[in-house]
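Numbers restart at 1 for each chain; the letters A, B, ... are given by sequence-line order, proteins then strands. Heavy atoms only: backbone and side chains are in, while hydrogens, waters and symmetry mates are out.
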Amino acid sequence: MSDLDTFRRETRAWLDANCPPEMRKPMTSDEDTFWGGRNAKFASEPQRVWFERMRDKGWTVPHWPKEYGGGGLDGEEAKIVRQEMAAIGARQPLTSFGISMLGPALLKYGTDAQKKEHLPKITAGLIRWCQGYSEPNAGSDLASLQTRAESDGNDYVINGQKIWTSYANFADWIFCLVRTDPSAKKHDGISFILFDMTSKGVSTKPILLISGKSPFCETFFDNVRVPKSHVVGTVNRGWDVAKYLLQHERAMISGMGERGVGRPLGQVAADSVGSDEQGRLDDAMLRGQIASFEVDEAALSAAAERMVDLNKAGQGHPAFSSAMKYYGTELNKRRYEILMSAGGIDALEWESPRSKEGARPRAWLRTKANSIEGGTSEVMLGIVAKRILDLPGA
Amino acid sequence: MPLLLTEEQSMLRDSARGLISDKAPVAHLRKLRDGRDAAGFSSELWATFAEMGFCGLLIPEQFGGSGLGCVEAGIVMEEIGRTLMPAPFLASSVLAASALSRAGSDAQKSEHLPKIAAGKLLAALAVDEGAKHRPAQIALQATRSGNGFKLSGAKALVVDGHAAGLLIVAARTAGSSGDRDGLTLFLVDPKARGLTVERTIMVDAHNAARITFDNVEVDADHVLGEVDGGGALLENVLNIGRGAVASEMVGLSEEVFGRTVTYLKDRKQFGKAIGEFQALQHRAAQLYIDIEITRAAVLKALQALDTDIEKAAAAVAVAKARAGTTATRAVQEGVQMHGGMGMTDQFDIGLFMKRARVCEELFGDANFHADQLARAKGY
Ligand SMILES: Cc1cc2nc3c(=O)[nH]c(=O)nc-3n(C[C@H](O)[C@H](O)[C@H](O)COP(=O)(O)OP(=O)(O)OC[C@H]3O[C@@H](n4cnc5c(N)ncnc54)[C@H](O)[C@@H]3O)c2cc1C
């Protein structure tokens, strides 16, 4: 038996012994996600137990180095952990922008001191991060951002406004893009900086989404003092860090949507639509739509797996995460259009306990942001045209 | 018949648009929603609707209406669609008024139609039961009992059922679920014993109810049309409703599209208006074409309903299917092209998306109607 087979066997046994049954059920609400942070609360005892066991094993982030609280696994081993977790429907013990966004950027661009300071608090779920990129006039054209950081001794003094900052009102720290050289060309005067959200001069104002929930905010900076040592990477070269982080963010978003777990979509639809004597969904058109969705979903899963393998083998194209982000998010929107269609009348209720306070329509509406957040579908296609296809003028 | 509005019809459109855009802009819906209004619509505005003759549009003149047709009802619905005005027009003035005008006895007509035309009585049609619109599968049972019937079962998505003073209930008196024959329509008092109305708060902040019937007694003279023969009547009334909802979706699509085009001109990124990017230009142009084609199909269906309703089914299926896919596309593009702004509750686009979803489900979605068309063509 190869080492990997042994690893798989041990992983399976460990997960089986340690993942509480409640944590193997599909998530049904926001509360099922554990985000960590200074003010974190566990929604249930099994959620706490599962998080703590995974943290102690280093598996909140299995592929990060052990010295930062990760599992120190290589690519193949990390994949096995993912597969074995998926096989039993195990939930992520910890979800955070620290893991999916900031961490990879720190591992590549951070100083030793920055890594030692921040990464262990991410793997242990102690600090919750938010992303301060977008501004009212800098969305798709992110590099035109105007939030200023002016040098003052050992500090920068930051002034300006961010918008659409997800969970800024719950976050402990922010990774933020600021303009440190207003005279340089727009991509060249940006720095990537980290600071505590409790710093004097930081304030947030929640914005309500069409789903009726408020996961994002306007974020204001009024003379916020930040030590210069908090810049990640080189001053005025923050765009490199920002772009690298976006690749990881996009790969993460492309994987949103519970791919291949839970009951097949066609069976969910059969609950409300019914089936004929042969067990076929009693709506031929919807059945066709679901089947072609599942074809695409299975193919995308393979592509996601291959992307990881290509990257590991050093053959991946750095811009390919944009292709995956585009496809994955459009697919997730399609999933929810199908779920709404399958749910029919029952999926139109917004408040009743019967509808779990409108869980399905709210989730459906939330997916409409998938092709906007982290860079819009149009921007993703533009990146593919430019950086992969090298088309003229793109 | 030209696929154009006549002069009178254009005047009707102008007056409907004037009233609705003035008195019921999108902010009106927002206010009702945020204030958790008990009725979910403005009775004051409904009175104005009656004064302007809208409530009795489809009701014969002898019963206090103006005896107009589906094209005219569609004109009003389109304006309602533009501002998402929640009003009992569809339920009472279109569906219930059509059912009563077409099949009511003299006594039934004289009793109810003048009140509906005056906006004093709200009537609602109760058809759907399961998650999807499947009128042939109606299972709510009406069994003979003494001089009448007893009704047992449940209805869902009864539009404006929470405010109705009269319910028209489609029930099964013969055959079993799946049979087209054996349906009967009943006029039911919502206060009848054994009847429970639950208002359902909907994603689009428009109004609907779930209604349960537990041995509700109904007199024989409250049968609308013929016993066991209600299927054809119901289908005609539903087709009128489908034409009306398709019109609403045309208005909604055009409004969302108009707002989106304005945004493409106003919003700047990369130093230019986002409408300068060809990727967006082409999609806006496609959407425009889509809406124009759908508008024609919907007018065709409304005219067909007025000319010979028995032959209108295919045109109505085309109209409702097209209107559904077009509106869905219009709202999706609307949100996407507004970027983060389109995702906020404060901005109106999302409200259009929510209403479009409900309209799509009402009286059969695009899949249902494409399937109807396939069946009608024998494949
Ligand atoms: C739910 C949600 C969560 C978010 N969370 C965060 C967060 O945590 N932190 C953060 O910094 N940001 C966040 N964002 C912001 C997000 O990154 C921006 O909304 C996104 O980059 C688009 O910017 P915009 O909203 O200004 O739209 P715009 O850039 O104004 O775009 C409007 C439309 O124009 C199109 N467009 C723009 N340029 C082009 C072009 N060149 N060619 C073709 N089409 C074009 C866009 O694709 C879009 O359809 C979030 C957004 C959402 C919706």
Side-chain angles (χ1 to χ4, degrees), chain A residues 134 136-144 163-164 207-214 216 269 271-274 282-289 333 337 340-352 354-355 358 360-362 364-366 368-369 371-373 376-379 381-382 385, chain B residues 33 36 128-134 137 156-157 198-206 208 210 267-272 274 277 279-280 283 321 328 331-332 335-351 353-354 357-358 360-362 365-371 374:
Chain A
S134 307
N137 290 312
S140 296
D141 183 13
L142 179 60
S144 68
I163 194 167
W164 320 130
I207 307 171
L208 206 60
L209 275 183
I210 57 177
S211 60
K213 308 255 156 99
S214 176
F216 62 14
D271 291 347
S272 42
V273 178
D282 215 357
D283 182 329
M285 304 264 301
L286 182 61
R287 181 170 181 266
Q289 284 156 358
K333 289 197 298 182
E337 285 294 329
M340 287 302 285
S341 185
I345 292 170
D346 298 340
L348 300 175
E349 283 185 34
W350 193 241
E351 291 191 348
S352 57
R354 176 178 47 232
S355 68
R360 192 174 294 185
R362 290 175 197 269
W364 162 68
L365 288 161
R366 177 62 183 79
K368 299 304 177 195
S371 52
I372 297 170
E373 56 201 327
T376 67
S377 279
E378 292 75 17
V379 168
L381 294 174
Chain B
R33 180 193 74 167
R36 301 187 72 83
D128 290 325
E129 297 177 4
K132 299 298 283 187
H133 177 68
R134 297 284 184 271
Q137 289 176 16
L157 195 63
E198 179 204 351
R199 180 181 180 196
T200 43
I201 301 297
M202 307 295 280
V203 59
D204 63 345
H206 281 51
R210 288 184 184 266
R267 170 71 173 167
K268 289 205 169 59
Q269 283 290 274
F270 303 99
K272 40 174 119 164
I274 56 173
F277 298 118
L280 300 186
R283 271 161 45 202
T328 299
V331 296
Q332 288 176 353
V335 169
Q336 180 67 21
M337 291 189 191
H338 279 84
M341 197 65 94
M343 284 302 298
T344 63
D345 182 73
Q346 181 202 341
F347 208 71
D348 289 343
I349 292 289
L351 296 172
M353 176 172 270
K354 293 169 180 177
R357 188 73 205 59
V358 175
E360 167 64 342
E361 216 54 54
L362 267 177
D365 61 12
N367 284 346
F368 175 88
H369 287 291
D371 188 67

Worksheet entry | Side chain, backbone, both or neither of A:Ser144 within contact of chain B (heavy atoms, under 4.5 Å) | neither

Worksheet item: Less than 4.0 Å between a side-chain N and a carboxylate O, is that true for A:Glu351 and A:Arg362?
Response: no

Worksheet entry | Which atoms of A:Ala138 approach chain B - backbone, side chain, both or neither, heavy atom under 4.5 Å | backbone

Item to complete: Output the distance between atom CE (B:Met353) and atom CG (B:Asp204), rounded to the nearest 0.5 Å.
Response: 13.5 Å

Worksheet item: Pick from A:Gly212, A:Ser371, A:Ser355, A:Ser272: which one has the most heavy-atom pairs with chain B under 4.5 Å?
Response: A:Ser371

Worksheet item: To the nearest 0.5 Å, what is the distance between NZ (B:Lys354) and CZ (B:Arg357)?
Response: 14.0 Å

Discussion item. Quick check against the 3.5 Å criterion: does B:Gln346 have a side-chain atom that pairs as donor or acceptor with the backbone of A:Leu208?
Written reply: no

Worksheet item: Does any heavy atom of chain B fall under 4.5 Å from the side chain of A:Ser377, the backbone, both, or neither of them?
Response: both

Discussion item. Quick test of your reading of the model: are B:Glu361 and B:Lys132 salt-bridged, counting only N-O distances below 4.0 Å?
Written reply: yes

Practice prompt. Look at A:Arg366 together with A:Glu373 and state whether they make a salt bridge at an N to O cut-off of under 4.0 Å.
Written response: yes

Worksheet entry | chain B contacts, top residue of A:Ile163, A:Asp271, A:Asp283 (heavy-atom pairs, under 4.5 Å) | A:Asp283

Item to complete: Among the options B:Asp128, B:Val358, B:Asp365, B:Asp371, pick out the one with the most heavy-atom pairs lying under 4.5 Å from chain A.
Response: B:Val358

Worksheet item: So which of A:Ile345, A:Leu381, A:Leu365 has the largest heavy-atom pair count under 4.5 angstrom toward chain B?
Response: A:Ile345

Worksheet, complete the sentence: So, the part of B:Thr344 with a heavy atom under 4.5 Å from chain A: the answer is both

Worksheet item: In terms of heavy-atom proximity below 4.5 Å to chain B, should A:Asn137 be classed as side chain, backbone, both, or neither?
Response: both

Worksheet, complete the sentence: d(B:Leu362 CG, A:Leu348 CG) to nearest 0.5 Å is 8.0 Å

Worksheet item: NZ/B:Lys272 to CZ/B:Arg267 distance, rounded to the nearest 0.5 angstrom?
Response: 15.0 Å

Worksheet item: Which atoms of B:Gln332 come close to chain A, meaning under 4.5 Å heavy atom to heavy atom: side chain ones, backbone ones, both, or neither?
Response: side chain

Practice prompt. With a 4.5 angstrom heavy-atom cut-off, could you sort out which part of A:Ile207 is near chain B: side chain, backbone, both or neither?
Written response: side chain

Fill in: Contact class of A:Arg354 relative to chain B, heavy atoms under 4.5 angstrom
side chain

Worksheet item: So which part of A:Ser134 gets closer than 4.5 Å to some heavy atom of chain B, the side chain, the backbone, both or neither?
Response: neither

Practice prompt. Pick whichever of B:Met337, B:Glu360, B:Glu198 has the most heavy-atom pairs under 4.5 Å with chain A.
Written response: B:Glu198

Worksheet entry | Contact winner vs chain B - A:Asp282, A:Thr376, A:Leu286, A:Ile372, heavy-atom pairs under 4.5 Å | A:Ile372

Worksheet entry | Per-residue contact mode, B:Leu280 against chain A (heavy atom under 4.5 angstrom) | side chain

Worksheet, complete the sentence: If you tally heavy-atom pairs under 4.5 Å between each of A:Gly358, A:Ser214, A:Gly139, A:Ser341 and chain B, the highest tally belongs to A:Ser341

Worksheet entry | B:Met341 portion near chain A, given a 4.5 angstrom heavy-atom threshold | both

Item to complete: Classify the angle between the aromatic ring planes of A:Trp164 and A:Phe216 as parallel (below 30°), tilted (30 to 60°) or perpendicular (above 60°).
Response: tilted

